[in-house]
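Below is one structure, written out as structure tokens; comments come after it.
Start at 1 with the first residue, then count along the sequence. Computed from heavy atoms alone, side chains included, the values below leave out hydrogens, waters and symmetry copies.
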Amino acid sequence: MGTPASITVPPSNSTGNYTVSWGVSSTGGVTYVLQEATNSSFSSGLRTAYTGAATSASITGRSSGTTY
């Protein structure tokens, strides 16, 4: 299983829309899975925000002041 070289999550903004981006994995042909949760242990509110081969994903409809 490969992992991305880096990940960038921008701070939230008032629109609730932002783009998460990550570096290319050293393993070729991977499918990236971006998950979010409402706690740091990923045991509450877990959902998959993106699955695919791209190195960024647009996240929309998030509320300011809410932990994801």
Side-chain angles (χ1 to χ4, degrees):
M1 179 180 346
T3 57
S6 63
I7 186 165
T8 302
V9 180
S12 61
N13 63 35
S14 61
T15 66
N17 304 325
Y18 58 95
T19 299
V20 177
S21 58
W22 49 91
V24 176
S25 172
S26 60
T27 303
V30 298
T31 297
Y32 298 101
V33 178
L34 177 64
Q35 293 183 313
E36 65 181 10
T38 55
N39 66 3
S40 61
S41 64
F42 282 77
S43 61
S44 179
L46 182 65
R47 80 171 198 94
T48 298
Y50 171 79
T51 301
T55 56
S56 68
S58 294
I59 308 298
T60 61
R62 300 300 175 260
S63 299
S64 181
T66 302
T67 300
Y68 294 100

Heavy-atom closest pair, residues Y32 and G23: OH-O, 4.1 Å
Got a sec, which residues hit ring pair (Phe, Tyr, Trp, His ring centres under 6.0 Å) with Y50, two or more places apart in sequence or on another chain? W22
Can V20 be reached from V30 by stepping across I, L, V, M, F, W or Y side chains whose heavy atoms are under 4.5 Å apart? yes
Whether the side chain of S44 engages the backbone of T38 through a donor-acceptor N/O pair (distance < 3.5 Å, no angle test) should be reported. no
Say whether I59 and I7 are linked into one hydrophobic cluster, either directly or through other cluster members, by side-chain heavy-atom distances under 4.5 angstrom. yes
Of the non-hydrogen atoms in T55 and V24, which two are nearest, and what is the gap between them? CG2-CG2, 3.8 Å
Write down the atom of R62, the atom of Y18, and the distance for their closest heavy-atom approach. CG-CE2, 4.1 Å
